[in-house]
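Below: the structure, in structure tokens.
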Amino acid sequence: MASERLEKLLGFLKADPKSSFVRFAVAKEYESLGDEQQALDYYLNLTKDIPEYTGTYYHLGKLQERLGQYDQAIATYKQGMVICKEQGDKHAYSELAGAKLEIDDEDDF
């Protein structure tokens with residue numbers, strides 16, 4: 001069952017389907033409602049359609065970890081680190097590097 005918040009976010013998304021912030025918010029809302037598959041789909045589509053939205057990678061990776069998809073999570077963190085480096089986003093880069101090190105001790109960044 002969709003929440004009132006989700007319904008509002010989906011309305012915003014319909015009005016502006018290219019909004020990275022709204023798409024991210026929809027993914028987070030699905031995640032908070034326990035609909036992990038919908039959240040995963042929104043995160044993955046966001047990384048494909050708007051790869052420079054660096055905030056996606058940490059949350060996607062953490063969701064993949066919770067789903068037991070550790071190889072995918074590591075790949076997500078690495079992909080995000082590359083994007084963060086290109087964007088000059090040192091804060092997000094360090095968060096991704098820390099998350100990656102929690103599940104993968106290879107220092108290959």
Side-chain angles (χ1 to χ4, degrees):
M1 183 165 133
S3 71
E4 186 177 323
R5 177 178 165 87
L6 178 60
E7 293 300 326
K8 286 181 182 178
L9 288 169
L10 290 171
F12 294 147
L13 186 60
K14 187 175 181 180
D16 187 4
K18 295 184 186 226
S19 170
S20 54
F21 177 77
V22 174
R23 291 172 72 175
F24 179 80
V26 168
K28 288 300 297 172
E29 187 62 19
Y30 274 121
E31 193 173 358
S32 73
L33 293 171
D35 192 339
E36 294 172 331
Q37 187 58 54
Q38 279 286 69
L40 185 65
D41 291 344
Y42 271 89
Y43 286 136
L44 289 170
N45 286 326
L46 190 51
T47 62
K48 289 176 189 158
D49 298 341
I50 310 170
E52 66 276 6
Y53 194 73
T54 58
T56 307
Y57 297 93
Y58 180 85
H59 296 277
L60 171 57
K62 286 297 180 183
L63 177 57
Q64 289 168 322
E65 283 186 55
R66 283 194 305 280
L67 295 172
Q69 301 172 353
Y70 297 104
D71 290 341
Q72 292 95 325
I74 291 166
T76 294
Y77 295 141
K78 286 180 178 181
Q79 179 187 9
M81 290 164 63
V82 168
I83 300 293
C84 287
K85 213 175 233 186
E86 292 170 356
Q87 298 287 318
D89 189 341
K90 292 178 183 179
H91 177 74
Y93 181 93
S94 67
E95 285 184 331
L96 291 167
K100 180 189 165 297
L101 283 173
E102 287 179 12
I103 59 172
D104 179 26
D105 61 3
E106 288 188 34
D107 189 13
D108 60 350
F109 33 148

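Position 1 is the first residue of the sequence, and the numbers go up from there. Every heavy atom of this structure was used, including side-chain atoms; hydrogens, water molecules and symmetry mates were not.
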- Query: If you look only at pairs with a residue in residues 58-71, which of them pass as a salt bridge (charged side-chain N to carboxylate O under 4.0 Å, His left out), with sequence neighbours excluded?
  - Reply: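 Listed by first then second residue: E31-R66, K62-E65, K62-E102.
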
- salt bridge (charged side-chain N to carboxylate O under 4.0 Å, His left out): pairs with one or both residues in residues 36-57, sequence neighbours excluded: R23-D49

- V82, Y93: one ILVMFWY side-chain cluster at the under-4.5 Å cut-off? no

Contact summary for [X] and [Y], nearest pair of heavy atoms:
X	Y	result
A39	Y30	N-CB, 3.8 Å
E29	S3	OE2-OG, 3.0 Å
A73	I103	CB-CD1, 4.0 Å
I83	P51	CG2-O, 3.3 Å
C84	L96	SG-CD1, 3.7 Å

- Got a sec, which residues hit side chain to side chain donor-acceptor pair (under 3.5 Å) with T56, two or more places apart in sequence or on another chain?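 Side chain to side chain donor-acceptor pair (under 3.5 Å) list for T56, sorted by chain: empty.
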
- Item | Contacts of type side chain to side chain donor-acceptor pair (under 3.5 Å), residue D89, not counting sequence neighbours | T54

All N/O donor-acceptor pairs, side-chain side in residues 9-18, below 3.5 Å, sequence neighbours left out:
none

- Note on the structure: One should read off an interatomic distance between Q69 CD and L40 CG, to the nearest 0.5 angstrom, of 6.0 Å

- Note on the structure: Value for CG (L46) from OH (Y42), rounded to nearest 0.5 Å, stands at 11.0 Å

- Could you note down all residue pairs passing ring-ring contact (aromatic ring centres under 6.0 Å, His included) where residues 47-74 supplies at least one of them, sequence neighbours left out?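 Sorted pair list: F24-Y53, F24-H59.
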
- Message: Please determine whether side chain to side chain contact (heavy atoms under 4.5 Å, CB included) holds for the pair E95 and Y77, giving the CA-CA distance in whole Å, both sets of side-chain angles, and the decisive distance to 0.1 Å.
- Response: CA-CA 9 Å; E95 285 184 331; Y77 295 141; over 6 Å; no

- After noting the C-alpha distance and the side-chain angles of Q64 and T76, does the key distance pass the side chain to side chain donor-acceptor pair (under 3.5 Å) rule? CA-CA 9 Å; Q64 289 168 322; T76 294; 2.7 Å; yes

